[in-house]
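Just the heavy atoms: all of them, side chains too, but no hydrogens, waters or symmetry mates, feed the values below.
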There are 2 protein chains.
Amino acid sequence: MSDPVLIGIDWGSSSFRAFLVDARGAVLARIATRDGVLAVPPGGFDATLVRLLGAWFEAHPRLPVLASGMVGSRQGWHEVAYFLCPVSPRALAGALLPVLSSSGRIVNLVPGLCARDRRGLPDVLRGEEVQVIGALDEFPNARLLCLPGTHSKWVRIRAGIIESFTTFMTGELFAVLKDHSILGRLAVEAAEDEAAFSRGAEIGLAAEPERGGTLRRLFFARSLALADELAPEAVASFLSGLLVGCEIREATGIVGAEDEVVLVGEPELCRRWERVLVLAGRSCAIASSEAAARGQLRLARLAGLLGKGSA
Amino acid sequence: MSDPVLIGIDWGSSSFRAFLVDARGAVLARIATRDGVLAVPPGGFDATLVRLLGAWFEAHPRLPVLASGMVGSRQGWHEVAYFLCPVSPRALAGALLPVLSSSGRIVNLVPGLCARDRRGLPDVLRGEEVQVIGALDEFPNARLLCLPGTHSKWVRIRAGIIESFTTFMTGELFAVLKDHSILGRLAVEAAEDEAAFSRGAEIGLAAEPERGGTLRRLFFARSLALADELAPEAVASFLSGLLVGCEIREATGIVGAEDEVVLVGEPELCRRWERVLVLAGRSCAIASSEAAARGQLRLARLAGLLGKGSA
């Protein structure tokens, strides 16, 4: 077994994940808890970190520590300003914020990213930047990445530089509609219905403007059910496919349909998005699910944090 | 004061409203309670009706009774099948379902409407059909109506016939996002902010596909707040304007931008939509807020339910 060279932390709103990473980006050990940023009491980040990682700190006294995600937000440990795109991995590595923990360890916080569209409207991400950099390590020629999820991110790359990105509220919209809207009222919990997912995806994808946009198409989850053309057990799968289809249709309007889409994230989510991309006739690839650890390693290396032997 | 000729009932999911209507469609008296269809116990519609309207039934023993809305749905008193568009007011009047109440009164249930797009996908409404017919009584040359609300309806008219319609989940999406999503978490309750409403509306309206659709634009309510370019007190107003703007942009893709939009509904809602239509450069008019009573009167007259003296 290889030696670890980095302790990487992905500290998001609702979860805490840490990795022991070797020099090739492989994850040798991992810790995952529900101690997300929103669950940490004010002023409690240092103590939470020492409680969760104290054993690793003792066992690996010389390893550098990198932390990404909401831990660098205003609600986190220390705010790290968003870095404005376009940005290279090297420039981002130069903007890490070192924070001294009571354990004596320096924790290097990774900034989130901001992108502005032509009208100057901002978009933001925090935590996904390390996944993007990890995926670029694996797919150095990628021009378009998609990170599916609660707030899906589509990221444009040019010559290895993060040029811009766009957020879609796909996963969150699915959750609030299923749990709190009239669409959920007709739904009955059931196993995933692949046919209903694909049917929803095709309706979400269809490009003609005379079919309306997302605000209009959502209602098909209700009208089809009321017309007895969608079973209550299939409503959730249909809505899920519809929303992913809407995301891909909207994203295509922004970034075009030419580039291969590299999917980055949890394997199950990536496969779900892949199915809809294939329905849309798009070529795609799925990045390693360890993209976050790989990206943290690359940032640490670019920042000169790794010992000579491991860099 | 004129004499009533009809008892009209608008019995929706969450509210019960009844009107005493004169021969010109004016409302002489009204009752409004929270006894919506969802609040009535199974088998309890007849008893609820007699409890709420018993005094009117006694005072006006010969008046016909018409009821529209979810009372005619599967969850209501008796299911009345959706009538497939295109439909004339006269044809709809011929499809009323008479139901005998224990009070001895016949209650005529109005069918909802179904419309199919070119691909055969259904859309449905129930209750709005009487508002549409009432507005057409006031605007006989209207070609396009908009009924703003929880589920906004855009209705195409040709020569006084309801040709088709489209639903947008605008109001419901606003409510679930404000109360249950991360967008609401940054919001602080405050009085309406007109500038933020207009700013959101302009972002929702902008037509370029490279700005993405509704699923993408929703996130501006968060990214602008995180970038300190939208105050927490303004987030809800911004989101409201954004969603109305998105509705009008999507509807324009379906029905075009030429026709005057006749707004039908609660005056405050209509004024809110009017502001965004004006921003979009559209001409519009607002129908009488008594469109429902007026439409019920017209249906009752076409159905031959009114006495000779009042017809």
If you look at every heavy atom in Gly213(A) and Glu250(B), which pair is closest and at what distance?
-> N-OE1, 3.0 Å
Residues Arg74(B), Leu226(A); criterion side chain to side chain contact (heavy atoms under 4.5 Å, CB included); working and verdict = CA-CA 9 Å; Arg74(B) 203 167 299 171; Leu226(A) 287 174; over 6 Å; no
Determine the interplanar angle of the Phe219(A) and His151(B) rings, folded into 0 to 90°, and report it as parallel if under 30°, tilted if 30 to 60°, perpendicular if over 60°.
-> perpendicular
Chain B contact via Leu230(A) - side chain, backbone, both or neither, heavy atoms under 4.5 Å | neither
Heavy-atom distance under 4.5 Å between the side chains of Arg211(B) and Leu121(A), does that happen here?
-> yes
Evaluate side chain to side chain contact (heavy atoms under 4.5 Å, CB included) for Glu247(A) paired with Arg216(B), printing each intermediate quantity in order.
-> CA-CA 8 Å; Glu247(A) 175 188 316; Arg216(B) 184 271 176 287; over 6 Å; no
CZ/Arg143(B): more than 12 non-hydrogen atoms of other groups inside 6.0 Å | no
Pairs of heavy atoms under 4.5 Å with chain A: top-ranked of Asp123(B), Val176(B), Thr170(B) | Asp123(B)
With a 4.5 angstrom heavy-atom cut-off, which part of Leu243(A) approaches chain B: side chain, backbone, both or neither?
-> both
Flag, side chain of Glu172(B) to backbone of Ile182(A), donor-acceptor distance under 3.5 Å = yes
Which residue out of Leu173(B), Asp179(B), Leu177(B), Thr150(B) racks up the most heavy-atom pairs below 4.5 Å with chain A?
-> Leu173(B)
May I ask you to name which of Leu215(B), Leu224(B), Asp117(B) has the most heavy-atom pairs under 4.5 Å with chain A?
-> Leu215(B)
Counting only N and O atoms by type, is there a donor-acceptor contact under 3.5 Å from the side chain of Thr214(A) to the main-chain atoms of Thr214(B)?
-> no
Should we count CD of Glu194(B) as having more than 12 external heavy atoms under 6.0 Å?
-> no
Partner chain A: residue of Glu229(B), Arg217(B), Arg249(B), His180(B) with the largest heavy-atom pair count (under 4.5 Å) | His180(B)
Glu79(B), CD: over 12 other non-hydrogen atoms inside 6.0 angstrom | yes
Under 4.5 Å to a heavy atom of chain B? For Arg126(A) that would be neither
So which of Gly212(A), Ser152(A), Pro122(A) has the largest heavy-atom pair count under 4.5 angstrom toward chain B?
-> Pro122(A)
Between Glu208(B) and Arg119(A), does at least one N-O distance fall below 4.0 Å, as a salt bridge requires?
-> yes
Taking Glu210(A) for its side chain and Val255(B) for its backbone only, find out whether a donor-acceptor pair lies under 3.5 Å.
-> no
